Amino acid sequence: MTEPSAWVRITQADPGHSAAYVQRFRTLAAGGTDIVGEARLVDAMLPRGSRVLDAGCGPGRVGGHLASVGHDVVGVDVDPVLIDAAQQDHPGPRWLVGDLAELDLPDRFDAIVCAGNVVTFLAPSTRGEVLRRFRSHLADGGRAVVGFGAGRDYAFDDFLADARAAGFEPDLLLSSWHLHPFTAGSDFLVAVLRPS
Ligand SMILES: C[S@@+](CC[C@H](N)C(=O)[O-])C[C@H]1O[C@@H](n2cnc3c(N)ncnc32)[C@H](O)[C@@H]1O
């Protein structure tokens, strides 16, 4: 049986957590805050009309933007409240409830984007399986882009070892979604991964 994500445990302990998360991003967007930086980086990696999986899409800010500029987007998230918000706020993409450790879609993607610390919420026992499923859902030439911060119980070296074991090589390691290089002291990792 798949061990539940930490996000599921958080929402069970605090039933208002998901709604508050949705509202936080709605408020930021309404106030004009730029909440699509991750999506811009992914868009720059792809020809328009590419197939993109937003893995752990939450309320859809990344996948919603990618769809709005012409990509074919599927978003998957374990939290039905967030998927409902994505459907309301960003109609168009396919927004699906599901655990990434059980990802099994007929689609193959030119890019998989996993932004917003999603991998740090995965149950540790599922980390390798999620990365293997990312690998098996990539089209030829596809890449996965995973971003998360330090200090969240998933060391960057452990993540990169898990990614290698799942069949990925780092294509490019950055310390931000704005193309700053990754160094030994970086407190954020954006890993662009290609099949090895
Ligand atoms: C901090 S939110 C980020 C949401 C979105 N990627 C963003 O950047 O706006 C973390 C997300 O990871 C999702 N998540 C965590 N574990 C998951 C799993 N095992 N399968 C699918 N989604 C998961 C949560 O439901 C939540 O939406």
Side-chain angles (χ1 to χ4, degrees), residues 1-30 33-43 52-68 71 73-90 93-105 107 109 111-137 144-154 159 162 166 176-178 188-191:
M1 195 184 132
T2 302
E3 186 186 355
S5 159
W7 187 273
V8 171
R9 286 191 279 106
I10 292 166
T11 56
Q12 284 170 347
D14 174 8
H17 184 82
S18 303
Y21 188 80
V22 169
Q23 192 52 50
R24 184 172 134 215
F25 280 95
R26 283 181 177 156
T27 302
L28 288 171
T33 300
D34 174 17
I35 59 166
V36 297
E38 298 98 325
R40 282 197 303 274
L41 173 60
V42 175
D43 182 39
V52 180
L53 173 66
D54 186 352
C57 58
R61 66 190 176 92
V62 174
H65 181 77
L66 288 166
S68 77
H71 298 293
V73 175
V74 178
V76 173
D77 199 284
V78 75
D79 186 333
V81 175
L82 302 188
I83 288 293
D84 189 54
Q87 282 163 345
Q88 286 177 42
D89 294 355
H90 306 284
R94 272 181 291 153
W95 303 113
L96 307 172
V97 177
D99 194 305
L100 294 171
E102 298 172 351
L103 188 71
D104 186 14
L105 299 174
D107 312 74
F109 298 96
I112 296 175
V113 56
C114 188
N117 294 311
V118 171
V119 293
T120 68
F121 290 101
L122 299 176
S125 64
T126 68
R127 289 170 176 169
E129 185 61 24
V130 169
L131 287 163
R132 280 191 289 280
R133 287 182 188 244
F134 284 0
R135 171 71 190 84
S136 67
H137 281 78
V145 191
V146 180
F148 66 103
R152 292 175 167 267
D153 290 329
Y154 198 0
F159 167 78
D162 289 345
S176 80
W177 294 93
H178 300 286
F188 199 85
L189 171 65
V190 177

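Order of appearance sets the numbers: ligands from 1, and atoms from 1 within every ligand. Predicted model only: the values in this text are computed from it and were never measured.
Counting only heavy atoms from C-beta outward, the side chains of Phe109 and Val52 never approach each other to under 4.5 Å. Side-chain atoms of Val22 and Leu82, non-hydrogen and from C-beta on, do get closer than 4.5 Å to each other. With a 4.5 Å cut-off on side-chain heavy atoms, Leu100 and Val76 count as touching. Residues Glu38 and Arg61 meet the side-chain proximity criterion, which asks for heavy atoms closer than 4.5 Å.
Exactly one of Val146, Leu41, Val42 qualifies for a side-chain contact (heavy atoms from CB on, under 4.5 Å) with Val113. That residue is Val42.
Within ligand 1, the atoms closer than 4.0 Å to a non-hydrogen atom of Gly98 are 20 (N), 21 (C), numbered from 1 in the order shown. Under a 4.0 Å criterion applied to the non-hydrogen atoms of Arg61, ligand 1 contributes the atoms 7 (C), 8 (O), 9 (O). Within the listing of ligand 1, atoms 15 (C), 16 (N), 17 (C), 19 (N) sit less than 4.0 angstrom from a heavy atom of Ser5.
In Val78, the parts holding a heavy atom less than 4.0 Å from any atom of ligand 1 are both the side chain and the backbone. If you look at Tyr21 next to ligand 1, the close heavy atoms, those under 4.0 Å, all belong to the side chain.
Remark: the backbone N or O of Leu103 is paired with a side-chain donor or acceptor of Arg133 at under 3.5 angstrom. Checking side-chain atoms of Trp95 against main-chain N and O of Cys57 turns up no donor-acceptor pair under 3.5 Å.
Heavy-atom separations between Leu82 and ligand 1 include at least one value shorter than 4.0 Å. For the ligand labelled ligand 1, residue Ala101 lies outside the 4.0 Å heavy-atom shell.
The option from Val22, Leu122, Asp77 that lies nearest to atom 26 (C) of ligand 1, judged by heavy atoms, is Asp77. For the residues Gly56, Gly116, Pro4, Gly64, the heavy atom positioned nearest atom 5 (C) of ligand 1 is part of Gly56.
Minimum heavy-atom separation, Trp7 to His17: CH2-NE2, 3.6 Å.
Remark: the Tyr21 side chain and the Asp79 side chain contain no N/O donor-acceptor pair separated by less than 3.5 Å.
Summary of contacts: the protein heavy atom closest to atom 19 (N) of ligand 1 is Asp99 OD1, 3.0 Å. The protein heavy atom nearest to atom 20 (N) of ligand 1 is Leu100 N, 2.9 Å. In this structure, atom 12 (O) of ligand 1 lies nearest to the protein heavy atom Val118 CG2, 3.5 Å.
The shortest N or O to N or O distance between Ala115 and ligand 1 is under 3.5 Å.
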